[in-house]
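Atoms considered below: every heavy atom in the structure, side chains included; atoms not considered: hydrogens, waters and symmetry mates.
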Amino acid sequence: MTNGSTEPEFSMYPLEYLFRVAGMATKSTMICTVQSCVKITAMTTLNAEQKRAVETTDGPVLIIAGAGAGKTGVITHRILNLIKKGIPPHQILAITFTNKAAKEMRERVNHLIAEEKSINRPISMNERPFMSTFHSLGVHIIRENATLLGLTRHFTIYDRSDSRRAIKEAMIQCSVDPKKFEPGTVLNMISRAKGDGFSRLEYFDGAKDYAQETVANVWEKYDAILAKEKSLDFDDLLLKTAQILEKYPAVRTHYHQIWKYIHIDEYQDTNKVQYRIAKYLTDENSRNICVVGDADQNIYSWRGATIENILNFEKDYPLSTVITLEKNYRSTKNILAAANNVIERNLMRKKKTLYTDNAEGEKISLIVSYTENEEARAIADTARTLIEKGTSPREIAVLYRANFQSRALEDAFIKKNIPYQLVGVRFFERKEVKDVLSYVKAALNRESAGDVARIINVPVRGIGKVTVAKILSGREDLLPANMRTKITQFWKLLDDIKKEIEEKKPSEAIKFIIQETGMEQLLRQGDTEDEERLLNIREVVSVAAQYDGVENTEDSKTQGIEAFLSNAALATDQDELSENKDAVRLMTVHASKGLEFDHVFIAGLEQDLFPFKRMDEGDIDQAEEEEERRLFYVAITRAKKKVYFSYTMLRTIYGTQRVSLPSEFIDDIAKNLIEDQAPPERPSGAKALFIDF
């Protein structure tokens, strides 16, 4: 059963419920099966401002929610309150940014509905609010209106590698030298333009130089490839949705009649297209839109997020109600004092000051090391001590500004035999997993040339690149008879897979694929690495099983597999986090957004690294500096009990060892909040350092 969103309902995976309702008094219950018991935490009280946010249900509402202020709990209780007031659940829409956040929101709402005694029973399992990410919402709207775009429900969603392949092909068609225009850069320029709401023609008309004209020409060929393969890329999921809503008033009215109350979480992270979608979905008469966010946590301008959306909300929606949540339930007083010291230096913000009833807490520790390797060992040693004193490894996070910093940290944690999880290695990007998904996508969409090319020779069938090129160009009749037989067998395999998808549950269809294609048998005969790959493709079956309960509709026999493919395509770094894995988390500060840990290390707090400055650019401007400061603020506010700052005196970047200076952000914090730190001891066997300033 489904509510139209891209994940199954509450009753389908009861073992996965772990509700962390930060910010409110709570009570706990247990859901138990033969296998295990899961603790479920529910709110019992709200503070005055939270209660006001929950009860203000009509008209435009802006909720400025500071870090750790319980915003997810407020949104879910607001949804519950609407239902208690008689609003049909299916008329409520709630949008956030990650699958993880959407899943948590969905679980909390379903639990609240199940526990609320005042709601008339029964509520149909189809009577649920629509809760998803922006991109999943886009997939939903596009699938329902696919014919308007010349597509079918089974259009393919390009991942990053698919897009790079198509961009390279488009550049070849345009005779563009990849040495002068790097394909990744061209793709980024197109992606940013789409995020800003530009169509290809609008971008071409506004091209200011040869580079932009070249990108526009490549974009034209790229769009042609997408159209031929009945595909959309990640950015199209938003841009095409906005274009449908803008171009077709009847479609817009249709969704106004369905969704009467709109909720947007993390509103500070919306880009221009997401802003337009929110505007189009909001009925101009009722204007029942509630946005929740914090300008102080706007950290994604590099991917198009614009802080103006939240700063200008009151101009966009006159007579709106503004509610500020400043009480923090996560961190100690010292941590919040440091965070407030940092963020109050920014000018582009809505003023607020976080406070808490929590304990004073420990001061911030400062770790000073000679090199990045010494820094990594010092962090690992401190983490080891915490673990030995009883801290769970999963309650420790090491955050850093740039991905390259993870290498030294990983080495240190391996040598110290400390369990860790590197966030950023995505399950659905593994080759063998992508092979399985490509079989599904090719079976449903024969026009998806990238997927066909990917798996036509997996496992090996003796079909070479020249043969593949002839097939994809429609010259299959020119192939030798024995090769045509192989190709016929391949097409027959895809037909069989499509039949399984339409007639069986998603998990059963995936089992059929890994068995009938020969992938499972091949990996069974391999080495240790193949054994791990085998486990990965079997895990795909487990993931697909989460969608076995999704009901099909008259319009589609494949709702479950569609939801599975959508979530696989839209997975983020945070989706890789496993609550069951008791390990220290290593991740960038960007990846940590929305998470919390008892102990947080912020590594590499050095000028030009954090705040970050690109090597080929001059000094960063005010807007960039304020975003870096917001990023530092986000890092600090991930911590519940203790923060550790770390920097080095020397750091090797791009093969060159450089003198490092402590980050200016450290000086933003009052000295009484930071522990005194002795100079680092010289590493054993190290030569004296003579530095001429």
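A distance of 12.0 Å separates CG in Asn403 from CE in Met587, rounded to the nearest 0.5 Å.
Between Lys71 and Glu266, at least one side-chain nitrogen of the basic residue sits less than 4.0 Å from a carboxylate oxygen of the acidic one, meeting the salt-bridge criterion. Look at Lys194 and Asp233 and you find a salt bridge, because one of the NZ, NE, NH1 or NH2 atoms lies within 4.0 Å of a carboxylate O, short of that distance. Note on Glu626 versus Arg349: no salt bridge recorded, every NZ/NE/NH1/NH2 to OD/OE distance being 4.0 Å or above. Salt bridge present: Lys327 and Asp357 bring a charged side-chain N and a carboxylate O closer than 4.0 Å.
Judged as a salt bridge (Lys or Arg N to Asp or Glu O under 4.0 Å), and not counting sequence neighbours, the contacts of Arg276 are Glu246.
Here the side chain of Arg651 pairs no donor or acceptor atom with the backbone of Met649 at under 3.5 angstrom. With hydrogens and angles disregarded, a donor-acceptor distance shorter than 3.5 Å links the side chain of Lys333 to the backbone of Asn358.
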Exercise for the section: Check step by step if salt bridge (charged side-chain N to carboxylate O under 4.0 Å, His left out) holds for Glu628 and Lys613. Expected result: CA-CA 10 Å; Glu628 288 294 306; Lys613 185 182 78 171; over 6 Å; no
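Taking the centre of each ring, Phe632 and Phe610 come in below the 6.0 Å mark.
Applying the 6.0 Å contact sphere to CG of Asn417 captures no more than 12 heavy atoms from other residues, nucleotides or ligands.
In this structure, Arg630 fails the cation-pi test against Tyr633, since its NZ or CZ atom is not both closer than 6.0 Å to the six-membered ring centre and inside 45 degrees of the ring normal. The cationic atom of Lys279 (NZ for Lys, CZ for Arg) lies less than 6.0 Å from the six-membered ring centre of Tyr317 and within 45° of the ring axis.
Evaluation of the salt bridge (charged side-chain N to carboxylate O under 4.0 Å, His left out) test over residues 305-316, restricted to residues two or more places apart or in two chains, returns Glu314-Lys350. Within the structure, the salt bridge (charged side-chain N to carboxylate O under 4.0 Å, His left out) test picks out the following pairs touching residues 404-423 (sequence neighbours left out): Asp381-Lys416, Arg407-Asp411.
Side-chain contact check for Ser392 and Asp582: at least one donor-acceptor pair (N or O, by modelled atom type) lies under 3.5 Å. Under 3.5 Å, the side chains of Lys642 and Ser365 contain a donor-acceptor pair of N or O atoms. Looking only at atom types and distance, the side chain of Ser163 has a donor-acceptor partner in the side chain of Tyr222 under 3.5 Å away.
Two residues are said to be in side-chain contact when any heavy atoms from C-beta on lie closer than 4.5 Å; Val215 and Tyr203 meet this criterion.
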